A.B. asks: 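Okay, here's the structure, questions in a sec.
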Amino acid sequence: GNIEEIIVFEPTQIKSVNNRGTFDPNDPRILNQDAADPLQEFTSSQSEMSIDDMYADTDVLVKELGDALTQIAEQVPDVILKPAEVKKREKIEDKVKRKNYTSHTQITDVVRGALVTPGLENSGFIVEQLREIFGAENVLDEGWGVTPALYMDRKVLVRLSNGMISEVQLATQKMWDSRSKSGGNGH
């Protein structure tokens with residue numbers, strides 16, 4: 001019948017369900033701590049970009065992300081599209097200092113947009129649509145999180161055609177309103 005419990009006596013008997021593609025049947029460890037940081041791995045496509053490179057084709061990149069968000073917004077009832085836009089260069093330079101980044105290439109929101117929905121139920125569909133439009137290998141869902149300013153949203157990173165990483169924020173209307181009141185109003 002149905003298995004309700006599994007007992008493991010040796011760490012070699014099971015493998016982690018959270019393994020990130022690093023499964024090695026010859027490695028007896030349950031958790032593989034050597035796995036690369038998925039964010040660092042994902043953003044490596046922009047590792048050689050200068051800050052000038054990041055701002056060179058922003059009009060094309062805003063259109064690329066904006067067209068995708070518009071296409072998705074047309075499929076989700078009552079969604080509010082916060083159009084794709086370019087973060088000002090001085091804000092990027094400030095963010096590098098404020099977050100103690102070692103390089104501007106760690107920034108993932110030079111081009112960004114948002115979709116605000118009535119509830120949480122459409123967020124999975126939106127992420128799947130982003131994967132369909134850009135290819136699954138070009139989308140990294142960072143999931144829901146609470147920021148230091150105490151607002152909550154879901155961040156999805158999208159690698160655009162030139163290799164630059166952009167950000168799509170997903171939030172409910174209440175979350176978005178809370179974000180604006182807490183000083184996190186960047187869109």
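Note that the coordinates shown come from a computational prediction; the quantities given were computed from them, not determined experimentally.
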A.B. asks: Can you find a pair of side-chain heavy atoms, one from T117 and one from I126, that are under 4.5 Å apart?
C.D. replies: yes

A.B. asks: More than 12 heavy atoms of other residues, nucleotides or ligands under 6.0 Å from CD of E132: is that the case?
C.D. replies: no

A.B. asks: Atom OH of Y55 and atom CG of L61: how far apart are they, to the nearest 0.5 Å?
C.D. replies: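 Separation between the atoms: 11.5 Å.
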
A.B. asks: Side-chain atoms of residues 65-73: list all donor-acceptor pairs with protein atoms under 3.5 Å, sequence neighbours left out, distances to 0.1 Å.
C.D. replies:
| unit_1 | atom_1 | unit_2 | atom_2 | d |
| --- | --- | --- | --- | --- |
| D67 | OD2 | K63 | NZ | 2.7 |
| T70 | OG1 | G66 | O | 2.9 |

A.B. asks: When rounded to the nearest 0.5 angstrom, what distance separates CD in E64 from OG1 in T58?
C.D. replies: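 The OG1 atom of T58 is 12.5 Å from CD of E64, to the nearest 0.5 Å.
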
A.B. asks: Okay, side chain of D94, backbone of E90: is any donor-acceptor separation there less than 3.5 Å?
C.D. replies: no

A.B. asks: Has R159 got its NZ or CZ under 6.0 Å from the middle of the six-membered ring of F42, at an angle within 45 degrees of the ring axis?
C.D. replies: yes

A.B. asks: Of all the heavy-atom pairs spanning Q173 and I80, show the shortest one and how long it is.
C.D. replies: OE1-CD1, 3.0 Å

A.B. asks: Applying the side-chain hydrogen bond (donor to acceptor under 3.5 Å, both in side chains) test to R112, which of E167, Q169, E85 qualifies?
C.D. replies: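 When E167, Q169, E85 are each tested with R112, the side-chain hydrogen bond (donor to acceptor under 3.5 Å, both in side chains) holds only for E85.
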
A.B. asks: With sequence neighbours left out, write down each residue that passes side-chain hydrogen bond (donor to acceptor under 3.5 Å, both in side chains) with N122, or none if nothing qualifies.
C.D. replies: none

A.B. asks: Which atom pair, heavy atoms only, marks the closest approach of A171 to M152?
C.D. replies: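 In terms of heavy atoms, the two residues are closest at CB-O, 4.5 Å.
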
A.B. asks: Show the nearest heavy-atom pair for residues K87 and I92, with the distance to one decimal.
C.D. replies: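 In terms of heavy atoms, the two residues are closest at CD-CD1, 3.4 Å.
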
A.B. asks: With a 4.5 Å cut-off on side-chain heavy atoms, are L115 and V76 touching?
C.D. replies: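 The answer is no, as the side chains (C-beta and beyond) never meet within the 4.5 Å cut-off.
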
A.B. asks: In plain terms, say whether K95 and D109 are close enough for a salt bridge, that is, a side-chain N and a carboxylate O under 4.0 Å apart.
C.D. replies: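 Answer for the salt bridge query: yes.
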
A.B. asks: Taking L81 as the starting point, is it possible to reach W176 by hopping between hydrophobic residues whose side chains are less than 4.5 Å apart?
C.D. replies: no

A.B. asks: Once you round to the nearest 0.5 Å, how far does CD of Q75 lie from CZ of F125?
C.D. replies: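 If we round to the nearest 0.5 Å, Q75:CD and F125:CZ are 4.0 Å apart.
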
A.B. asks: Output all residues satisfying side-chain hydrogen bond (donor to acceptor under 3.5 Å, both in side chains) with T172, sequence neighbours left out; order by chain, then residue number.
C.D. replies: none

A.B. asks: Let me check something: do L140 and V158 share a hydrophobic cluster, defined by ILVMFWY side-chain heavy atoms less than 4.5 Å apart, either directly or through other members?
C.D. replies: no

A.B. asks: Given the rule in the side-chain contact (heavy atoms from CB on, under 4.5 Å) test, do L157 and D141 qualify, once you have shown the distances and angles that lead to the verdict?
C.D. replies: CA-CA 6 Å; L157 303 182; D141 182 4; over 6 Å; no

A.B. asks: Quick one: do V86 and I165 end up in the same hydrophobic cluster if we chain Ile, Leu, Val, Met, Phe, Trp and Tyr together by side-chain heavy atoms under 4.5 Å apart?
C.D. replies: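 No, V86 does not connect to I165 through the hydrophobic network.
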
A.B. asks: Taking atom CD as the centre, does E48 end up with more than 12 heavy-atom neighbours from other residues, nucleotides or ligands that are less than 6.0 angstrom away?
C.D. replies: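 Counting neighbours around CD of E48, 12 or fewer heavy atoms of other residues, nucleotides or ligands fall under 6.0 Å, so no.
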
A.B. asks: At their closest point, which heavy atom of S50 faces which heavy atom of H104, and how far apart are they?
C.D. replies: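 For S50 and H104, the tightest heavy-atom pair comes out as C-NE2, 3.2 Å.
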
A.B. asks: Evaluate the criterion side-chain contact (heavy atoms from CB on, under 4.5 Å) for residue pair Q46 and M54; output intermediate values, then yes/no.
C.D. replies: CA-CA 8 Å; Q46 65 182 20; M54 293 177 99; 3.8 Å; yes

A.B. asks: Is V110 reachable from V156 through a run of hydrophobic residues whose side-chain heavy atoms are each under 4.5 Å from the next?
C.D. replies: yes

A.B. asks: So D153 and K155, do their side chains get closer than 4.5 Å, heavy atoms only?
C.D. replies: yes

A.B. asks: Quick one: closest heavy-atom pair of M175 and W144, and the distance?
C.D. replies: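 Result for this residue pair: SD-CZ3, 3.7 Å.
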
A.B. asks: Are side-chain N/O atoms of T43 and Q106 paired as donor and acceptor at under 3.5 Å?
C.D. replies: no

A.B. asks: Can you tell me how far apart OG1 (T105) and CD1 (I107) are? Round to the nearest 0.5 Å.
C.D. replies: 9.0 Å

A.B. asks: If I take atom CD from residue E128 and atom CD1 from residue I133, how far apart are they, to the nearest 0.5 angstrom?
C.D. replies: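 Going from CD on E128 over to CD1 on I133, the span is 11.5 Å.
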
A.B. asks: Which heavy atom of G163 sits nearest a heavy atom of S45, and at what distance?
C.D. replies: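 Smallest heavy-atom distance, with atoms named: O-OG, 2.6 Å.
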
A.B. asks: For atom CD of E121, is the number of surrounding heavy atoms from other residues, nucleotides or ligands below 6.0 Å larger than 12?
C.D. replies: yes

A.B. asks: Are V60 and M49 in one and the same hydrophobic cluster, where Ile, Leu, Val, Met, Phe, Trp and Tyr link if side-chain heavy atoms are under 4.5 Å apart?
C.D. replies: no

A.B. asks: Should the pair E93-K97 be classified as a salt bridge under the 4.0 Å nitrogen-to-oxygen rule?
C.D. replies: no

